2 protein chains.
Amino acid sequence: MFLLTPVLVAVVCILMVWIFKNADGATKRREEEPRARAEARPWVDEDLKDSTDVLQVEEDADEWQESEEEVEHVPFSHTRYPEKEMVRRSQEFYELLNKRRSVRFISNERVPMEVIDNVIKAAGTAPSGAHTEPWTFVVVKDPDVKHRIREIIEEEEEINYLKRMGPRWVTDLKKLRTNWIKEYLDTAPVLILIFKQVHGFAANGKKKIHYYNEISVSIACGILLAALQNAGLVTVTTTPLNCGPRLRVLLNRPANEKLLMLLPVGYPSKEATVPDLPRKPLDQIMVTV
Amino acid sequence: MFLLTPVLVAVVCILMVWIFKNADGATKRREEEPRARAEARPWVDEDLKDSTDVLQVEEDADEWQESEEEVEHVPFSHTRYPEKEMVRRSQEFYELLNKRRSVRFISNERVPMEVIDNVIKAAGTAPSGAHTEPWTFVVVKDPDVKHRIREIIEEEEEINYLKRMGPRWVTDLKKLRTNWIKEYLDTAPVLILIFKQVHGFAANGKKKIHYYNEISVSIACGILLAALQNAGLVTVTTTPLNCGPRLRVLLNRPANEKLLMLLPVGYPSKEATVPDLPRKPLDQIMVTV
């Protein structure tokens with residue numbers, strides 16, 4: 001009896017501490033859950049993320065700069081303008097681009113396909129990490145495919161808005177409705193869906209990392225926007241939230257391609273309006289050292 | 001004595017279990033460390049990552065589209081060209097940009113600063129998420145600052161190369177040396193360092209998320225590259241690995257700005273060469289549906 005008591009007390013104590021510590025751990029896990037849920041936010045398009053980081057392994061790092069080491073170097077031929085002409089050309093280019101606006105009201109009038117070819121050829125001159133040219137421009141003219149794209153995007157956008165608004169959605173529904181109705185996806189004669197190739201394939205079939213693929217493809221998009229403006233066409237830069245995987249499957253693109261942007265392209269409709277937004281002046285975006 | 005024994009045993013047991021559980025936790029922490037170290041890979045520039053995701057919280061999501069809802073809408077004025085002229089303009093723009101190459105041999109000849117102003121003004125016409133215009137272009141002309149930038153970049157690049165090469169570095173050193181020597185950082189009359197503002201500040205001083213800031217700034221860079229080419233200047237798109245924080249401090253940029261790209265700008269030097277790389281033809285980058 002006197003021998004049993006200390007043993008019994010010991011066992012009870014061990015059990016108590018064990019249970020207490022485990023309960024503590026469970027509490028910690030529960031505390032972590034909301035954070036994990038918060039991280040899988042509906043407002044961040046998982047398919048949009050640059051997978052360079054995720055896939056990157058040290059073995060592949062050599063490919064980053066070496067692609068250029070193995071090819072022959074040739075003299076660079078350059079067109080140089082007199083200083084006055086440089087100033088004039090740069091001024092005119094700025095004035096042309098400064099007229100560009102994101103236009104959401106697009107006429108259904110057809111556009112010359114030769115122009116679409118040329119603007120995409122221009123976009124394809126962009127630089128890219130290790131000259132991987134990790135872009136695919138899908139030009140959609142087929143009205144049925146355009147409409148299917150619209151359905152997918154409006155479905156996902158509606159979910160985004162309703163989830164996002166939470167309890168406020170009932171009262172705000174009317175105001176928001178215009179936000180997920182994308183008429184231009186039907187009316188624009190051309191939709192350009194821009195996919196980034198997060199990796200390619202080496203000759204031996206192994207995955208070949210595309211370094212800086214998202215930055216490269218975004219640069220190509222910048223050139224595409226300039227080319228469209230130069231040709232007298234309008235567009236709006238959209239990043240359809242959470243629609244990437246469904247649109248990729250609809251358009252039969254392979255799994256290494258992720259949707260980065262969608263540009264509806266055409267002429268502005270007659271009643272097109274734009275928000276009266278100013279641009280920052282030069283001294284707010286440039287610092288000289 | 002018989003009363004004390006159980007108490008003593010209990011205390012000893014509690015202490016033992018406590019120590020054991022804590023040691024267990026410490027082991028777990030140690031196991032996690034190498035993973036954390038592996039994640040901080042030397043080949044991924046931590047400062048380059050888009051912090052949108054990290055900072056994003058649901059409360060801020062409303063700001064994404066609403067900025068445009070509160071401003072007045074005005075009629076959009078458009079310049080439309082006849083079809084033939086559209087084709088010609090788009091063809092000429094493509095041909096102009098197709099002559100662009102990444103040039104690493106830059107002459108020390110000065111360039112007209114009015115042209116630099118104009119190309120940055122052009123870049124500033126890029127669209128951006130919620131019209132945040134999340135870019136800062138730092139134009140460096142000061143030879144001492146340029147040289148300090150070169151020192152920082154060459155130091156970091158050397159570390160990158162040596163780390164990367166591991167045991168192979170001794171034999172390959174000579175071949176690689178050219179890779180981390182960046183003479184153009186001294187010779188180019190102008191360096192443009194492009195920072196992305198990962199967040200801004202609302203009127204109440206709270207952080208204001210800049211959605212899609214990296215994509216937006218990359219689009220602006222694409223327009224900047226087109227503008228430089230149009231003006232007859234050359235550059236090379238560089239993303240100095242791991243140099244962002246030091247260059248940011250050197251240039252007195254605030255913590256919400258992260259270096260995205262560095263462009264040395266000028267005329268090509270007389271002996272400039274470029275690798276003889278072809279571009280993908282249109283049918284390899286465009287798909288029509």
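These numbers were taken from a predicted model, which means no experiment stands behind them. A note on names: the letters A, B, ... follow the listed sequences, proteins ahead of strands, and every chain is numbered from 1.
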Considering only heavy atoms, which portion of [X] lies under 4.5 Å from any heavy atom of chain A: side chain, backbone, both, or neither?
| X | result |
| --- | --- |
| B/Glu85 | neither |
| B/Ala227 | both |
| B/Val145 | side chain |

Side chains of B/Gln197 and B/Thr136: donor-acceptor distance under 3.5 Å anywhere?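 The answer is yes; a qualifying pair exists.
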Under 4.5 Å from any heavy atom of chain B - which part of [X]:
| X | result |
| --- | --- |
| A/Thr132 | backbone |
| A/Ala126 | backbone |
| A/Leu225 | side chain |
| A/Glu271 | neither |
| A/Val74 | both |

Go through [options] and name the one with the most non-hydrogen pairs under 4.5 angstrom from chain A.
| options | result |
| --- | --- |
| B/Ile116, B/Ile223, B/Val217 | B/Ile223 |
| B/Arg279, B/Gln229, B/Lys146 | B/Arg279 |
| B/Asp117, B/Val119, B/Leu96 | B/Asp117 |
| B/Val274, B/Leu97, B/Asp276 | B/Val274 |
| B/Pro127, B/Pro75, B/Ser77 | B/Pro127 |

Would you say B/His78's side chain and A/Ser269's backbone share a donor-acceptor pair under 3.5 angstrom?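 Pair absent, no side-chain N/O of B/His78 close to backbone of A/Ser269.
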Is the backbone N or O of B/Ala231 less than 3.5 Å from a side-chain atom of A/Arg89, with the two atoms forming a donor-acceptor pair by type?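 Judged by distance alone, no pair lies under 3.5 Å.
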Specify which of [options] makes the most heavy-atom pairs with chain B at under 4.5 Å.
| options | value |
| --- | --- |
| A/Gln284, A/Arg88, A/Arg253, A/Arg100 | A/Arg100 |
| A/Ala122, A/Gly232, A/Ser90 | A/Ser90 |
| A/Thr237, A/Asp142, A/Ile192, A/Ile120 | A/Ile120 |
| A/Leu282, A/Thr79, A/Val140 | A/Leu282 |
| A/Glu92, A/Glu133, A/Gln91 | A/Glu133 |
| A/Leu224, A/Val103, A/Val115, A/Asn98 | A/Val115 |

Any side-chain heavy atom of [X] within less than 4.5 Å of one from [Y]?
| X | Y | answer |
| --- | --- | --- |
| B/Val190 | B/Val111 | yes |
| B/Phe105 | B/Pro268 | no |
| B/Pro112 | A/Met86 | yes |

Taking every non-hydrogen atom, the tightest pair across B/Ser216 and B/Trp135: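 In this case the closest contact between B/Ser216 and B/Trp135 is O-CZ3, 3.6 Å.
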Quick check: closest heavy atoms across B/Cys221 and B/Met261, and the distance to 0.1 Å?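 Scanning both residues, the minimum pair turns out to be SG-CE, 3.6 Å.
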Do A/Glu114 and A/Lys121 sit within salt-bridge range, that is, some charged N less than 4.0 Å from a carboxylate O?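 Looking at A/Glu114 and A/Lys121, the cut-off is not met.
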Cation-aromatic face contact B/Arg101/A/Phe76, 6.0 Å, 45 degrees: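 No, cation not above the ring by the 6.0 Å, 45° rule.
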Is it the case that B/Arg80 places NZ or CZ above or below the six-membered ring of A/Tyr267, under 6.0 angstrom from the centre and within 45 degrees of the axis?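 Yes, B/Arg80 and A/Tyr267 form such a contact.
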